[in-house]
Amino acid sequence: MDVIIENLPQYWDGFLRTLFLSVVSGIIALIFGTVLAAARVSPIAALRGFSMVYVEIVRNTPLTIAFFFAAVVLPRLGITFQQFEVAAIIALSAYTSAFIAEAVRSGVNSVPVGQAEAARSIGMKFSQVLTLIILPQALRTVIPPLINILIALVKNSSVAGAFYVLELFGQGKQLANANGDAVVWVLVGVAFFYLLITIPLGYLANVVERKVAIAR
Amino acid sequence: MTTQVPGDALVSLKAVNKHYGQLHVLKDINLNVRKGEVVVVIGPSGSGKSTLCRAINRLETIDDGEIRIDGKELPAEGKELAKLRADVGMVFQSFNLFAHKTILENVTLGPIKVKGVSKAEADKDAMALLERVGVGHQAPKLPAQLSGGQQQRVAIARALAMKPKVMLFDEPTSALDPEMINEVLDVMVQLAKEGMTMIVVTHEMGFARKAADRVVFMADGQIVEDATPEEFFSNPKSSRAKDFLSKLLTH
Amino acid sequence: MKAFLTRRKTLLVAASAALALSLSACGGSSSTTTNPPVAEKPSFAADSTMAKLSNAGKITIGTKFDQPLFGQKGLDGKPVGFDVEIGKLIAAKLGIPADKIEWVETVSANREEFLKQGKVDMIVATYTINDKRKTQVDFAGPYYEAGQALMVNKDNNSITKPEDLKGKNVCSVTGSTPAQTIVEKYGAVLVPAATYSACLEPLRNHQVEAVTTDNVILAGFVSKEPDAFKLASDQTFTKEPYGIGLKKDDKTFRMWINDQLEAFAKDGSYKKAWDATAGTVIKTAPELPAINRY
Ligand SMILES: Nc1ncnc2c1ncn2[C@@H]1O[C@H](COP(=O)(O)OP(=O)(O)OP(=O)(O)O)[C@@H](O)[C@H]1O
Ligand SMILES: [Mg+2]
């Protein structure tokens, strides 16, 4: 127990970095994932194909590979960054956006097809149909699964600890090594700080889910 | 693009064919609708009436043949098509009002976003239209708070707000409780009287008698008869039409 | 957005190919092996471990099989390196030629057990002497003092000592003692990695200024890629004494080995062993550390 209190600064440092990685990657993934979902339902076959291939490949490969590409392969190609957080953010948002694309797509499919037809019949372009009619309605059903994806993102960010970023999990490994006699408590501390982010998110998901249920 | 159009046809279909996989749903359809004409399309279920409507509005593609609106052939996709679609108003069996928008927004969205009309002007026009179809006082509500008949009248107002050259109705009263059918038909009759060009898929023979200039009877993807209402109802020529009419009357 | 991504994908494919190529293209400077002169009929007090081994004419020695320059299995299946040379020198003093030595792979986790169970007669395997281990086994030596060092890119001449790294990115394994030292004592910015080999890429790409851990491990990396990396200096800034692991409470054997180590230093065979192996990377040959005769 003491080990947690004694090392609060390290925990806090790791916690802030985990929070930073999650928030930035989360925002990028939400935007890019929605664009991917839009591409998936667009009338242009090439966009549909690209989106499908991207989502299927990314969704079905381990996150570690995304990290490897971002942190090791990109620099080899000359795309280097002094802050390894950049690589972590690239990996996490590229990975998470595939899941977000799938969630948004299923949300889009939950909107009755008549809504899109009515919108097209008054002369709306595809982009208008999507942004004015489909996405606003899809959002309600999509929010709870999106929050779950974001919770997974927070946990997934721990992979960054093995790729040059000293986030919460990495700090935990440091502390565990330095405090070999109190490893269990060190990890309890790590778990506590993760829960500090994920539990409020889970609570939010519940609230939204209930709100949506009432609105129906 | 401007080959000679027979007469002053506003909507013209020439040798239109469409398949759904193996199923031949539109077989060599030829149809001309003049400006101000009201054409009622009837026929048994699955005969291709909805597909015809949706093809005219390009919600469905066709395999071959051509469809012209006011002399212009329907473009394949993109902005041009969107523009042309605005000239063709469509009313669906299931209303399809935008569920997340108020009644007023449902009507103003098209003019504002598609035609670039100012919000103030769109609001004014929309209120006038809503008054005309008798739901002016419902303007701030959401679609789900209205009865089916009211929703369908809003859907008509929404289509009219784009100032279309022709209106398509695909069974506009089939999803309604009987006591609400007339309030919608009344609006449609009024519209016909004002000179709107209309293509109406319906089984409401009363409406056909009262407002139609022509009745088109479809069966198995083909136009089997094309006649005035009196002619068609009193003296159908084909056995399919006779059969269909007798079944309709016994129901 | 799409164009960017497709471009990126092609690049990635190219990159993985490049990576595969570079992985197979190891090599560079490596250890050579020597054959020390074998003692003719040495005499030992009867009952001593030396007499037993000498009479048997063979010995089993534990070493690492995966530590370049110290103990790494060669293509012929025999390990080579400085530890191996030390083992051979001792065996020769027992009258045992190099081809009568049985080499057994020992790793950090099994060294104490192997000694206790008598699976090996001695262990020469970058085996750090510490008090915890001394409760279970005995150590002759130390025969070498390793220590924390820095590895930099070949063309980097601005870093020679840990003080030069203040505020700079340095890669090491998460949670390792060297990682803590470089941050707490020298104010470097830690870029933590899962393994030391994972530190090579960021170094190559100039995303970190240096990699830090024991000079022995770093020298191993340098020996594989001598054109890419080098040690910032032959000096170390911490001390890790390596000993020869022996079964507990065989003081006669331990003291005899200590005597031999001192003899190797005197007659130059110690330096010869070094120069043929680790000396290819760590050019400054070490002095034999003061023997700890406890
Ligand atoms: N998207 C589709 N895919 C495959 N077949 C379809 C599709 N839409 C309609 N069909 C088939 O095409 C035929 C014509 O359908 P359509 O909806 O045009 O008929 P309808 O005359 O409007 O019938 P109803 O009176 O039942 O509305 C039917 O056999 C129908 O099953
Ligand atoms: Mg139909």
Side-chain angles (χ1 to χ4, degrees), chain A residues 34-35 37-51 103-146 208-216, chain B residues 50 53-54 56-61 76-101 105-117 142-144 151-152 154-164 166-170 175:
Chain A
T34 308
V35 171
R40 188 73 185 269
V41 296
S42 86
I44 300 164
L47 282 182
R48 283 200 302 271
F50 166 75
S51 170
V104 172
R105 187 174 74 98
S106 75
V108 165
N109 287 343
S110 76
V111 177
V113 62
Q115 293 285 311
E117 288 187 340
R120 283 158 71 200
S121 79
I122 58 170
M124 283 191 192
K125 292 178 296 187
F126 171 72
S127 59
Q128 291 176 318
V129 176
L130 201 66
T131 55
L132 298 173
I133 307 300
I134 305 298
L135 286 181
Q137 295 189 59
L139 213 60
R140 300 172 147 211
T141 52
V142 162
I143 283 177
L146 279 189
V208 172
E209 213 150 2
R210 241 176 294 137
K211 276 247 169 76
V212 172
I214 290 166
R216 285 242 175 93
Chain B
S50 296
C53 272
R54 296 164 60 82
I56 293 172
N57 204 8
R58 196 57 170 69
L59 288 173
E60 298 285 355
T61 56
E77 261 306 333
K79 268 192 202 121
E80 274 303 300
L81 175 64
K83 212 186 282 170
L84 220 94
R85 260 197 201 124
D87 284 346
V88 182
M90 175 122 184
V91 176
F92 301 86
Q93 180 175 348
S94 49
F95 330 138
N96 294 349
L97 292 182
F98 305 134
H100 62 307
K101 299 281 183 191
E105 286 166 341
N106 261 276
V107 182
T108 59
L109 201 60
I112 293 174
K113 298 292 178 183
V114 176
K115 291 200 153 166
V117 173
L142 284 171
Q151 286 192 55
Q152 195 61 300
V154 174
I156 294 172
R158 176 176 67 181
L160 288 175
M162 298 304 292
K163 305 199 167 66
V166 54
M167 289 277 285
L168 308 174
F169 295 80
D170 187 5

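None of the values given here were measured: they were computed from a predicted structure. Sequence lines set the chain letters: A, B, ... in the order given, protein chains first and strands last, and positions in each chain run from 1.
Contact check for Ile133(A) versus His100(B): side-chain heavy atoms found under the 4.5 Å cut-off. Inter-residue side-chain proximity for Met124(A) and Leu109(B) is flagged as met; some heavy-atom pair is nearer than 4.5 Å. Contact check for Glu117(A) versus Arg54(B): side-chain heavy atoms found under the 4.5 Å cut-off. Put simply, the side chain of Arg85(B) does not reach to within 4.5 Å of the side chain of Ile122(A), judged on heavy atoms.
Proximity to chain A (any heavy atom under 4.5 Å) is shown, for Phe98(B), by both the backbone and the side chain. For Ala116(A), no part lies near chain B; criterion is any non-hydrogen pair under 4.5 Å. Residue contact with chain A, scored on non-hydrogen atoms closer than 4.5 Å, is absent for Leu84(B).
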Item to check | side chain to side chain contact (heavy atoms under 4.5 Å, CB included) evaluation trace for Gln128(A) with Val114(B) | outcome: CA-CA 9 Å; Gln128(A) 291 176 318; Val114(B) 176; 4.2 Å; yes

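In terms of modelled atom types and a separation under 3.5 Å, the side chain of Asn96(B) and the main chain of Ala118(A) share no donor-acceptor contact.
When each of Lys113(B), Arg158(B), Met90(B), Lys115(B) is checked for heavy-atom pairs under 4.5 Å with chain A, Lys113(B) comes out on top.
Nearest heavy atom pair, residue Ala99(B) against residue Gln115(A), reads N-OE1, 3.4 Å.
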